[in-house]
Enquirer: 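Before I ask anything, here is the structure I am working with.
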Amino acid sequence: MMTASPNMIWQTLQHCDVRSNSIMRSITSRRGSDASWKNFTLHGIIPKKGDCTMKENKLTELSMEFAVDIIDLIKQLKSNHEVIIANQLGRSGTSIGANIHEAQHAQGRKDFISKLEIALKEACETGYWLKLLYRTKYIDESTYKRLSVKCTSLRVLLISSCRTARENLSK
């Protein structure tokens, strides 16, 4: 049994396809009163992995796809005995998606913005490592261009998301 907070319930509703009207009524009726949350428990309401349909957004999908591509590249680099840059690329390239995912569960708007800004910095660093690998001929031009386009797309989406979040913060 798990004690629920208002944020936990609403995050679950935002990310999952909850179809039970009784659950929705129960949650909605308790949302306004903090005192009623103290004794509210979840009996199978929070879905297990695979029980809900995540509303994936473009940023989350692209960052996961990019992380998979980076891991594949790291395997290739390590088989060619390039370990130092591969490790750096692995940390920065996979951190983008991790920070985006963490932002979805932020403690507030400022925390959300902070996580996206960290993801943006990691995307910039990843772009640097990709360029270095290309210039030192560890990766070919087609691999560089393919990954660079994805990395740039992530940066553009992150910049836009940060800007929108900051504008909403001032409202």
Side-chain angles (χ1 to χ4, degrees), residues 6-19 46-171:
N7 287 338
M8 182 188 301
I9 298 297
W10 286 106
Q11 283 178 359
T12 301
L13 290 176
Q14 289 173 351
H15 295 295
C16 299
D17 185 13
V18 178
R19 299 189 189 279
I46 298 288
K48 296 180 184 116
K49 188 175 180 182
D51 287 349
C52 69
T53 305
M54 298 298 284
K55 291 181 180 176
E56 296 288 337
N57 61 38
K58 189 173 185 176
L59 189 56
T60 304
E61 289 175 24
L62 184 59
S63 66
M64 178 59 78
E65 183 181 314
F66 185 69
V68 169
D69 289 345
I70 290 296
I71 290 170
D72 289 342
L73 177 58
I74 291 166
K75 290 176 187 175
Q76 175 194 341
L77 291 170
K78 287 188 175 184
S79 71
N80 293 332
H81 305 291
E82 171 40 62
V83 179
I84 296 170
I85 297 174
N87 289 337
Q88 290 292 105
L89 178 66
R91 281 192 287 275
S92 65
T94 58
S95 179
I96 299 165
N99 280 290
I100 291 168
H101 181 77
E102 195 173 337
Q104 292 175 348
H105 304 284
Q107 295 176 348
R109 288 184 182 184
K110 288 183 181 180
D111 187 39
F112 176 79
I113 294 167
S114 175
K115 300 297 184 213
L116 291 184
E117 288 174 341
I118 292 168
L120 178 58
K121 289 178 184 180
E122 296 294 338
C124 291
E125 181 181 343
T126 301
Y128 170 81
W129 294 123
L130 289 170
K131 186 181 281 187
L132 183 61
L133 287 168
Y134 172 65
R135 288 191 177 178
T136 56
K137 303 194 185 332
Y138 277 103
I139 59 175
D140 61 19
E141 186 176 4
S142 65
T143 302
Y144 171 68
K145 284 183 177 180
R146 180 177 56 82
L147 292 174
S148 184
V149 164
K150 286 184 181 182
C151 191
T152 301
S153 297
L154 281 168
R155 284 193 298 241
V156 168
L157 289 170
L158 285 163
I159 289 168
S160 176
S161 296
C162 287
R163 184 177 300 131
T164 301
R166 273 191 233 100
E167 288 171 0
N168 289 340
L169 184 64
S170 63
K171 289 182 181 180

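Positions are given from 1, in the same order as the sequence printed here.
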Enquirer: Going by distance alone, is a donor N or O of one side chain under 3.5 Å from an acceptor N or O of the other, for Thr152 and Arg155?
Expert: yes

Enquirer: Answer yes or no: is there a side-chain heavy-atom contact under 4.5 Å between Ile70 and Phe66?
Expert: yes

Enquirer: Show the numbers, then the answer: is there a side-chain contact (heavy atoms from CB on, under 4.5 Å) between Leu77 and Leu89?
Expert: CA-CA 10 Å; Leu77 291 170; Leu89 178 66; 4.3 Å; yes

Enquirer: According to side chain to side chain contact (heavy atoms under 4.5 Å, CB included), who are the partners of Ala67, at least two apart in sequence or on a separate chain?
Expert: Thr94

Enquirer: Restricting to pairs with a member in residues 128-143, which pass salt bridge (charged side-chain N to carboxylate O under 4.0 Å, His left out), not counting sequence neighbours?
Expert: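 Applying salt bridge (charged side-chain N to carboxylate O under 4.0 Å, His left out) to every pair that reaches into residues 128-143, excluding sequence neighbours, yields Glu141-Lys145.
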
Enquirer: Would you say the side chain of Arg146 lies within less than 4.5 Å of the side chain of Asp69, judging by non-hydrogen atoms?
Expert: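 Sidechains of Arg146 and Asp69: in contact.
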
Enquirer: Any side-chain heavy atom of Met64 within less than 4.5 Å of one from Ile100?
Expert: no

Enquirer: At what distance, to the nearest 0.5 angstrom, does CG of Asp111 lie from CG of Leu116?
Expert: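 It comes to 10.0 Å.
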
Enquirer: Kindly indicate whether the side chain of Glu125, heavy atoms from C-beta on, has any atom under 4.5 Å from the side chain of Gln88.
Expert: yes

Enquirer: What's the separation between atom SG in Cys151 and atom CD in Glu122, rounded to the nearest 0.5 Å?
Expert: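 These two atoms lie 10.5 Å from each other.
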
Enquirer: Do any N or O atoms from the side chain of Thr164 and from the backbone of Ser161 form a donor-acceptor pair under 3.5 angstrom?
Expert: no

Enquirer: Are the side chain of Ser153 and the backbone N or O of Val149 linked by a donor-acceptor pair below 3.5 Å?
Expert: yes

Enquirer: What distance separates Leu169 CG from Ile113 CD1, expressed to the nearest 0.5 Å?
Expert: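 Here the interatomic distance stands at 4.5 Å.
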
Enquirer: Between the side chain of Asn80 and the main-chain N/O of Glu82, is any donor-acceptor distance below 3.5 Å?
Expert: no

Enquirer: Distance from Gln107 atom CD to Lys115 atom NZ, nearest 0.5 Å?
Expert: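 Answer rounded to 0.5 Å: 7.5 Å.
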
Enquirer: Looking at Ser63 and Leu59, would you say the former's side chain and the latter's main chain have a donor-acceptor pair under 3.5 Å?
Expert: yes

Enquirer: Quick one: closest heavy-atom pair of Phe112 and Ala103, and the distance?
Expert: CD1-O, 3.1 Å

Enquirer: Might you point out which heavy atoms bring Asn168 and Arg109 nearest each other, and give the distance in Å?
Expert: O-NH1, 2.6 Å

Enquirer: Apply side-chain contact (heavy atoms from CB on, under 4.5 Å) to Gln104 and Asn57, showing your working.
Expert: CA-CA 11 Å; Gln104 292 175 348; Asn57 61 38; 4.0 Å; yes

Enquirer: At what distance, to the nearest 0.5 angstrom, does SG of Cys162 lie from CD1 of Ile159?
Expert: 8.0 Å

Enquirer: Is the closest side-chain heavy-atom distance between Thr126 and Leu154 below 4.5 Å?
Expert: no

Enquirer: When rounded to the nearest 0.5 angstrom, what distance separates CG in Leu158 from CD1 in Ile118?
Expert: 11.5 Å

Enquirer: Taking the side chain as C-beta and beyond, is there a heavy-atom pair between Thr143 and Leu133 under 4.5 Å?
Expert: no

